[in-house]
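Note: hydrogens, waters and symmetry copies are ignored here, and every other heavy atom, side chains too, is used. Sequential numbering from 1 along the given sequence is applied to the chain's residues.
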Amino acid sequence: MAIMERGNTQQARGQPRDDGQPDEAQEQPPMQEPEKRPPGDRTLGAMLGDPRVRVWAWRIGVALAVLVVGTAMFGGRLGITAAVLVVVVDVVRRSRRDSSIPAWQKSSAAERRTEKQLRSLQRNGYLVLHARAVPRDDDGVSDGRIDHLVIGPSGVYAIDSEKWDKRLPVRTLSHRKLFHGPFNKKDRLDEARWEADQASKIIGGQVGFEVPVQPSVAIYGPSIPWKVMRVRDVDVYAGNRARSYLRRRPKILTDTDVQRIFQAAEKALPPKYG
């Protein structure tokens with residue numbers, strides 16, 4: 001999700017755009033065949049360029065340094081224990097920090113925080129698709145994107161994660177208007193509702209029955225003076241409440257329903273990025 005305020009010159013993600021770009025289908029000059037290298041060199045280069053190899057090389061180097069220092073100061077047993085702990089701590093730290101969304105160009109901090117909360121709901125029967133495109137025409141062209149499509153026992157939800165300026169207050173007016181400081185967020189709410197409506201129609205067409213999709217916006221940054229409020233039919237809440245927002249709802253879908261809807265959504269709503 002974009003984290004900047006949207007002005008009149010900015011388009012919502014779900015709106016058509018005419019950017020005057022040339023047709024990508026135009027004939028391109030033939031690509032030159034890359035220079036062939038010996039298999040050994042290619043394999044070595046791939047290994048050195050793999051970020052996972054670099055991470056483990058760094059871990060091993062640090063662990064060896066800790067082993068040498070620890071052994072010299074406290075003995076072999078404590079030195080080995082300290083080296084192993086260094087590796088374990090780094091593995092855990094990186095697993096918590098990194099996103100498991102492989103297709104995203106670069107997930108925002110807000111999206112990663114929501115993802116972490118949703119990951120813990122898997123044991124409760126919830127399944128999640130991240131960064132899914134919402135086609136708007138027969139060619140599947142769309143600027144629409146659902147950050148997190150959640151399918152679980154309590155229903156189907158389209159959650160968009162937003163990072164707003166924490167210095168500006170968030171307020172509502174008669175459950176019809178949402179303001180972030182002086183900025184009216186009507187377009188943002190209408191966009192979230194449109195994306196959820198499109199997802200509902202697309203998934204329902206796949207499974208053969210109506211699949212309501214509830215739009216919601218999880219806001220990080222400013223203080224939200226309520227738990228969950230529905231504004232223009234969109235649920236709005238503080239980002240750190242995403243997990244409790246889902247868990248406290250009544251069960252309306254069976255495990256079979258969840259699996260069927262998830263498989264249909266996975267097929268009908270392609271990843272936004274590749």
Heavy-atom side-chain proximity of [X] to [Y] below 4.5 angstrom:
X	Y	value
Leu246	Leu118	yes
Arg241	Arg248	yes
Val213	Leu149	yes
Leu168	Phe179	no
Asp147	Glu115	no
Gln198	Glu195	no
Arg232	Leu178	no
Gln214	Arg230	yes

Between Thr254 and Asp257, do the side chains contain a donor N or O and an acceptor N or O under 3.5 Å apart? yes
Can you tell whether the side chains of [X] and [Y] come within less than 4.0 Å, N to carboxylate O?
X	Y	result
Asp235	Arg249	yes
Glu191	Arg188	yes
Arg193	Asp190	yes

[X] versus [Y], closest heavy-atom pair with distance:
X	Y	answer
Gly144	Trp194	CA-CZ3, 4.4 Å
Ala242	Tyr237	CA-CE1, 3.8 Å
Val234	Leu189	CG2-O, 3.5 Å
Ala199	Val134	N-CG1, 4.4 Å

Criterion side chain to side chain contact (heavy atoms under 4.5 Å, CB included) on Glu266 and Arg132, from CA distance to verdict: CA-CA 9 Å; Glu266 188 176 32; Arg132 311 306 285 200; 4.1 Å; yes
